[in-house]
Colleague: 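Input: one structure, supplied below.
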Number of protein chains: 2
Amino acid sequence: MTESSQEPPQAPQAPPELAISEQVAVYQREFPNVDPQVETIVSTLSRLSRRMTVAYGRHLNDLGISSADWEVLKALIVAGAPYRLGPGELAKRIGLTPAAMTHRVDRMATAGLVTRSRDESNRVRVNIELTELGREKWLESMRMAAVFEESLLQDATPEERSELAGALGRMLRRVEDSQPDAQGRTDDLAPDDSER
Amino acid sequence: MTESSQEPPQAPQAPPELAISEQVAVYQREFPNVDPQVETIVSTLSRLSRRMTVAYGRHLNDLGISSADWEVLKALIVAGAPYRLGPGELAKRIGLTPAAMTHRVDRMATAGLVTRSRDESNRVRVNIELTELGREKWLESMRMAAVFEESLLQDATPEERSELAGALGRMLRRVEDSQPDAQGRTDDLAPDDSER
DNA sequence: CCTGAAGACTTTACTAGTGTAGTCTTTCGT
DNA sequence: ACGAAAGACTACACTAGTAAAGTCTTCAGG
């Protein structure tokens with residue numbers, strides 16, 4: 001029984017997929033202006049990221065939490081001890097409306113990942129606080145991720161890793177330059193998968 | 001008027017985001033076992049992919065199509081001339097149920113991106129065929145993407161590009177090895193953003 | 001002390017997209 | 001010709017989100 005208890009609704013089956021080189025060939029056939037090398041990099045990056053998202057999703061599924069839950073756990077962890085923020089602040093950091101955060105917190109409180117309580121000193125405010133369970137789930141997700149990520153990079157020497165980090169970092173800078181107003185500006189189209 | 005006509009509902013505002021190095025520092029603080037170099041690579045990759053998805057989403061928004069639409073256009077393009085597939089086959093290739101595909105095709109036919117017609121020789125079957133408009137939209141999306149992608153890699157020499165493609169390709173192979181049954185197995189958790 | 005305004009969260013109504021199950025139409029074997 | 005199978009569509013339910021209205025607490029001013 002590697003199956004987890006709660007299955008989210010699922011796509012019907014595995015779509016057979018073209019190899020990257022085949023896909024680039026298709027693009028060249030249908031759109032001759034394409035640069036094969038650039039397209040190979042971009043397609044590989046895209047598929048890699050997607051597969052990683054799927055892998056993380058499995059890990060989280062095994063832990064019994066959703067990626068939406070994980071996103072909230074992460075925000076609380078990033079906030080640091082005592083791992084406590086208000087719903088509004090959480091919503092702002094994650095890029096959701098407060099109303100959506102209310103629902104998420106409902107689910108997560110029921111699952112025991114966080115507690116919701118009114119602030120002592122100002123009873124208008126509400127505190128969302130990570131429970132020990134929530135923190136443990138996050139830590140466990142990190143343990144699983146660390147193993148997984150190391151396995152992805154097992155071929156790479158420290159020098160190669162360093163070059164890879166540099167190359168990706170330069171690409172990221174270029175993207176951010178091209179999205180001026182967008183320090184994480186998630187408008188226009190939701191990216192949908194939460195960042196690690 | 002750079003604004004597109006049809007605005008999808010949107011997240012309320014830009015969440016302020018940590019720099020990658022800050023985020024890695026947080027992970028080290030909260031989970032000491034983390035390898036900073038690995039985490040830097042993975043976080044950069046993740047954020048880069050997300051930003052790219054946002055950028056593509058803007059391009060598509062300017063074209064007046066959704067990423068779900070684009071996914072269908074791509075499948076028809078990949079199928080090659082005469083750019084025609086049945087709903088069931090499309091659903092299989094994209095990883096959707098036939099019912100969901102019916103709705104997508106409804107929208108896209110209304111928008112003039114595809115046509116739906118019964119097959120002449122076998123009147124149970126339905127053919128979804130790319131219109132000239134649909135093909136032109138896809139080509140335009142590729143033109144925009146090509147400019148954008150070249151700008152991302154403007155720093156990289158051909159050698160660096162080649163190394164990057166190699167490194168990402170090796171990582172992708174490792175992921176696929178770790179997801180044995182998963183030739184694009186989209187189960188368990190939907191990746192949500194369509195691959196380029 | 002009471003009243004009214006502002007702030008923070010919640011509730012309600014609605015939208016978009018998808019899965020499940022059932023229905024309809026056409027085809028094909030007997 | 002008839003019955004069964006296949007393919008697509010329809011009806012319904014569910015999830016997760018936004019937007020806007022509502023509720024409750026706090027605090028300032030008369």
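So that the names make sense, note that chain A is the first sequence line, chain B the second, and so on, each numbered from 1.
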Colleague: What's the CG-P distance between B/Leu96 and D/dG7, to the nearest Å?
Modeller: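 Rounding to the nearest Å, CG of B/Leu96 and P of D/dG7 are 18 Å apart.
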
Colleague: Find the distance A/Asp106:CG to D/dA16:P and express it as a whole number of Å.
Modeller: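 So the two atoms are 12 Å apart, to the nearest Å.
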
Colleague: Nearest whole angstrom, please: distance from the P of C/dT10 to the CE of A/Met101.
Modeller: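 These atoms are roughly 11 Å apart.
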
Colleague: Can you pull every protein N or O that's under 3.5 Å from an N or O on nucleotides 2-4 of chain C?
Modeller:
none

Colleague: Return the nearest nucleotide to the side chain of A/Thr97; candidates are C/dT18, D/dT18, C/dA21.
Modeller: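 My answer, after comparing the listed nucleotides, is D/dT18.
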
Colleague: Give a yes or no on whether a salt bridge exists between A/Lys137 and A/Glu132, defined as a side-chain N under 4.0 angstrom from a carboxylate O.
Modeller: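 Result for this pair is no, no salt bridge flagged.
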
Colleague: Between A/Arg104 and B/Arg116, who's closer to the 5' end of DNA chain D by nearest nucleotide?
Modeller: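 Its nearest nucleotide being more 5', the pick is B/Arg116.
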
Colleague: Tell me the interatomic distance from B/Ile65, atom CD1, to C/dA16, atom C1', rounded to whole angstroms.
Modeller: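 Going from CD1 in B/Ile65 over to C1' in C/dA16 covers 18 Å.
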
Colleague: Side chain of A/Ala99, heavy atoms from C-beta onward: which of D/dG17, D/dA19, C/dT18 has the nearest atom to it?
Modeller: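 The listed nucleotide nearest to A/Ala99's side chain is D/dA19.
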
Colleague: May I have the distance from B/Leu90 (atom CG) to C/dT18 (atom P), rounded to whole angstrom?
Modeller: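 From B/Leu90 CG to C/dT18 P: 13 Å.
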
Colleague: Starting at CD1 of B/Ile94 and ending at C1' of C/dG19, how long is that distance when rounded to a whole Å?
Modeller: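 Going from B/Ile94 (CD1) to C/dG19 (C1'), I get 16 Å.
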
Colleague: Just to confirm, is there a sub-4.0 Å distance from OP1 or OP2 of D/dA8 to any side-chain nitrogen or oxygen of B/Thr102?
Modeller: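 Answer no for this pair, as no side-chain N or O of B/Thr102 is under 4.0 Å from OP1 or OP2.
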
Colleague: Under 30°, 30 to 60°, or over 60°: which ring-plane class applies to B/Tyr27 and A/Trp138, parallel, tilted or perpendicular?
Modeller: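 Geometry flag for A/Trp138 against B/Tyr27: tilted rings.
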
Colleague: Is A/Arg161 reaching over with its side chain to a backbone N or O of A/Leu153, donor-acceptor style, under 3.5 angstrom?
Modeller: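 Yes, because the side chain of A/Arg161 sits within donor-acceptor range (under 3.5 Å) of the backbone of A/Leu153.
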
Colleague: Check the distance between C/dG7's C1' and A/Lys92's NZ and give it to me in whole angstrom.
Modeller: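 From A/Lys92 NZ to C/dG7 C1': 12 Å.
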
Colleague: Hey, which of B/Arg29, B/Gln28, B/Glu22 is the one that makes side-chain contact (heavy atoms from CB on, under 4.5 Å) with B/Val26?
Modeller: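 By the side-chain contact (heavy atoms from CB on, under 4.5 Å) criterion, B/Val26 pairs with just one of B/Arg29, B/Gln28, B/Glu22: B/Arg29.
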
Colleague: State plainly whether the residues B/Arg93 and A/Glu17 are in salt-bridge range, i.e. N to O under 4.0 Å.
Modeller: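 A salt bridge is absent here (no side-chain N lies under 4.0 Å from a carboxylate O).
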
Colleague: Any carboxylate oxygen within less than 4.0 angstrom of a Lys/Arg side-chain nitrogen, looking at A/Glu30 and B/Lys74?
Modeller: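 Result for this pair is no, no salt bridge flagged.
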
Colleague: How does each nucleotide of nucleotides 24-29 of chain D score, in 5' to 3' order, for protein heavy atoms under 4.0 Å: base (B), sugar-phosphate only (S), or none (-)?
Modeller: -BS---

Colleague: Need one value for B/Ala100: base, sugar-phosphate or nothing, where a base atom within 4.0 Å counts as base even if backbone is also close, heavy atoms only.
Modeller: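 Sugar-phosphate, backbone atoms only, no base.
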
Colleague: Would you indicate whether the side-chain heavy atoms of A/Ile128 and A/Met101 approach each other to under 4.5 Å?
Modeller: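 Heavy-atom side-chain distance check fails, nothing below 4.5 Å.
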
Colleague: Taking the side chain as C-beta and beyond, is there a heavy-atom pair between A/Gln37 and B/Ser162 under 4.5 Å?
Modeller: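 A side-chain contact under 4.5 Å exists here.
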
Colleague: How about A/Arg173: does its CZ atom have over 12 heavy atoms from other parts shown lying under 6.0 Å from it?
Modeller: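 Open: at most 12 neighbouring heavy atoms sit under 6.0 Å from CZ of A/Arg173.
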
Colleague: Counting only side-chain heavy atoms from C-beta out, which of D/dG7, C/dG19, C/dT11 sits nearest to A/His103?
Modeller: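 In terms of side-chain proximity for A/His103, the closest of D/dG7, C/dG19, C/dT11 is C/dT11.
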
Colleague: Would you mind telling me which of D/dA8, C/dG17, C/dC9 lies closest to the side-chain atoms of B/Val126?
Modeller: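 Shortest atom-to-atom distance from the side chain points to D/dA8.
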
Colleague: Do B/Tyr56 and B/Glu149 get their side chains close enough for a donor-acceptor pair, meaning under 3.5 Å?
Modeller: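 Result is yes, a qualifying pair exists.
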
Colleague: Out of D/dT10, D/dG7, D/dT18, which has the shortest distance to the side chain of B/Arg125?
Modeller: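 Closest of the options to the side chain of B/Arg125: D/dG7.
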
